[in-house]
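In each ligand, atom 1 is the first atom listed, and ligand 1 is the first ligand listed. Since this is a predicted model, take the numbers as computed values, not measurements.
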Amino acid sequence: MPAIISKAPGKIILFGEHAVVYGYPAIAVPIDAIQVSVSILPVIKENQSTIKIRNIGWQEDIPFAELDEHDPIRTSIENVYAHINQNPPHFEMTISSSIPIAAGLGSSAALAVAITKCMSQFLGIYLSNDEINALAYKSEEIQHGSPSGIDNSVITFDQPILFRRSKPISQIKIKSSIHVILADTGKRTFTKEVVASVKQNLEKEPDFINPILAEIGGIVEEAAKALFNGEVKKIGGLMVRNHIALRKLGVSSIELDRLVESARINGALGAKLCGGGKGGYMVAICEPTSCERVSLGLESDGATHIISTTIKGSKQGN
Ligand code: PMV
């Protein structure tokens with residue numbers, strides 16, 4: 001039997017992180033330049049199931065039974081078993097990922113989506129995108145507490161989305177392709193902790209925090225229109241406003257602010273932190289002619305890794 005292979009992209013939240021936890025809308029896009037690939041091969045009965053992890057610079061083979069009960073790989077696999085109420089045959093799963101971990105680029109959601117898809121194919125069961133999304137959300141809940149669900153949704157549906165908690169997901173139209181540069185602060189943070197710090201601040205100072213969340217919600221509404229109309233300069237300006245609001249919320253960092261400033265000085269149309277914040281990656285958008293200058297500037301201002309890619313415009317008629 002040939003190996004079954006499933007892939008899932010990384011993602012960026014273009015607008016609205018953190019406010020999305022409190023019911024405001026947010027916009028996220030899949031990023032194909034980084035992805036998780038999962039393959040499964042059946043093994044003979046006497047051999048136990050193994051997980052082979054083949055990340056850049058790190059390779060490990062772990063017997064499935066030795067994975068911690070809250071391990072994201074284990075929970076993603078077990079969620080599929082529970083859903084179909086069946087114990088699967090033994091298998092060898094190989095996971096390779098180019099999505100940086102704990103960096104705001106959706107590594108855990110992509111892992112959950114790719115494992116869920118691969119496992120369902122291996123077991124010969126059909127899961128709709130809604131079912132895959134719901135199962136991936138369950139794994140995300142174990143990792144992140146009470147995530148909004150934006151990461152697993154954009155990765156499962158693999159298209160730009162306007163996401164609002166507990167509302168149907170809507171696909172967002174992007175009139176023309178946008179060049180993006182993602183730059184790493186080199187710092188790793190846990191989204192769960194940053195989300196908890198915002199919650200604490202909200203409880204302590206609701207009159208200060210609530211207007212910031214509402215302001216972000218308003219920026220997202222404007223951004224959805226600007227993306228639809230292909231107004232890249234406006235999109236850039238809204239990203240900067242979103243970053244300033246996130247800084248007021250207390251989720252930026254010296255490194256993120258430095259990289260956002262660097263991108264703007266070097267000609268980016270806009271830049272902001274992306275994801276949980278306090279570290280991880282920032283995102284800048286630029287005209288094709290200024291991308292190289294922006295990248296070089298980010299490198300000399302401390303970025304430890306750069307990903308240069310494109311958000312594709314929606315196909316006509318979509
Ligand atoms: O850091 P990431 O990529 O998991 O993004 C988190 C986005 C938040 O809005 C901060 C949290 C959430 O659950 O939506």
Side-chain angles (χ1 to χ4, degrees), residues 8-31 33-36 72 76 97-114 133-134 136-157 160-167 169 180 182-202 209 212-217 219-220 223 239 242-243 245-253 255-256 272-283 307:
K11 62 90 215 191
I12 46 176
I13 299 181
L14 262 186
F15 293 97
E17 50 274 268
H18 286 288
V20 70
V21 173
Y22 298 94
Y24 291 98
I27 296 170
V29 295
I31 295 290
I34 44 175
Q35 55 179 9
V36 171
S76 297
S97 177
S98 57
I99 308 178
I101 294 168
L105 299 179
S107 63
S108 64
L111 183 67
V113 170
N133 197 25
Y137 181 75
K138 272 192 179 181
S139 305
E140 287 282 274
E141 261 184 318
I142 294 169
Q143 303 312 312
H144 299 299
S146 177
S148 64
I150 187 169
D151 288 9
N152 46 282
S153 300
V154 65
I155 290 169
T156 301
F157 291 95
I161 59 166
L162 180 73
F163 178 90
R164 200 188 267 259
R165 221 171 173 164
S166 313
K167 294 268 162 51
I169 297 154
V180 295
L182 305 171
D184 190 2
T185 59
K187 264 177 74 180
R188 292 293 170 261
T189 53
F190 291 103
T191 299
K192 194 176 178 172
E193 287 168 15
V194 190
V195 169
S197 76
V198 173
K199 187 165 179 251
Q200 237 179 24
N201 292 343
L202 177 64
I209 300 292
I212 304 174
L213 298 175
E215 183 192 346
I216 295 175
I219 292 171
V220 175
M239 286 171 77
N242 195 162
H243 182 76
L246 287 164
R247 200 168 63 200
K248 280 194 280 177
L249 209 56
V251 300
S252 191
S253 68
E255 296 83 357
L256 282 165
K272 63 181 271 294
L273 69 85
C274 63
K278 292 210 174 160
Y281 277 67
M282 54 74 77
V283 53
I307 300 165

Find all atoms of ligand 1 within a distance of less than 4.0 Å from any non-hydrogen atom belonging to [X], and give their numbers and elements.
X      : value
Gly104 : 1 (O), 3 (O)
Val20  : 9 (O), 14 (O)
Pro147 : 13 (O)
Ile13  : 5 (O), 7 (C)
Ile150 : 14 (O)
Gly275 : 1 (O), 5 (O)

Look up atom NE2 in His18 and atom OG in Ser148, then write down how far apart they are to the nearest 0.5 Å.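 One finds 10.0 Å between NE2 of His18 and OG of Ser148.
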Side-chain donor/acceptor pairs under 3.5 Å, residues 104-114, sequence neighbours excluded:
unit_1: Ser108; atom_1: OG; unit_2: Glu140; atom_2: OE2; d: 2.7
unit_1: Ser108; atom_1: OG; unit_2: His144; atom_2: NE2; d: 3.1

Using a plain distance cutoff, I'd like to know if [X] has any nitrogen or oxygen under 3.5 Å from a nitrogen or oxygen of ligand 1.
X      : answer
Gly276 : yes
His18  : yes
Ser146 : no

Counting heavy atoms only, which of Arg165, Lys11, Glu17 comes nearest to atom 5 (O) of ligand 1?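 Going through Arg165, Lys11, Glu17 one by one, Lys11 has the nearest heavy atom to atom 5 (O) of ligand 1.
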Can you tell me the protein heavy atom closest to atom 14 (O) of ligand 1 and the distance?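 For this ligand atom, the closest protein heavy atom is Ser148 OG, 2.5 Å.
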Atom 6 (C) of ligand 1: nearest protein contact (heavy atom, Å):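 Protein heavy atom at minimum distance: Thr191 CG2, 3.6 Å.
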Heavy atoms only: give me the nearest Ile99-Ala8 pair and the separation to one decimal.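 Nearest pair, atom of Ile99 first, then Ala8: CD1-O, 4.3 Å.
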I need the minimum non-hydrogen distance between Lys272 and Met239, along with the two atoms involved.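 Heavy-atom minimum between the residues: CB-O, 3.5 Å.
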Please determine whether the number of non-hydrogen atoms from other residues, nucleotides or ligands lying under 6.0 Å from atom NZ of Lys187 exceeds 12.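 Yes - once you tally the heavy atoms of other residues, nucleotides and ligands closer than 6.0 Å, there are more than 12.
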Take Leu249 and Ile216 through the side chain to side chain contact (heavy atoms under 4.5 Å, CB included) test and state the conclusion after the steps. CA-CA 10 Å; Leu249 209 56; Ile216 295 175; 4.3 Å; yes
What residues form a side chain to side chain contact (heavy atoms under 4.5 Å, CB included) with Lys192, not counting sequence neighbours?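 Counting only residues at least two positions away or on another chain, Lys192 forms no side chain to side chain contact (heavy atoms under 4.5 Å, CB included).
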Charged N-O contact under 4.0 Å between Glu193 and Lys278: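 Salt bridge flag = no for Lys278 with Glu193.
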Taking non-hydrogen atoms only, is Asp151 closer than 4.0 angstrom to ligand 1 via side chain, backbone, both or neither?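 The part of Asp151 near ligand 1 is the side chain, not the backbone.
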Residue pair Leu182 / Ile12, side-chain heavy-atom distance below 4.5 Å: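 Counting from C-beta outward, Leu182 and Ile12 do come under 4.5 Å.
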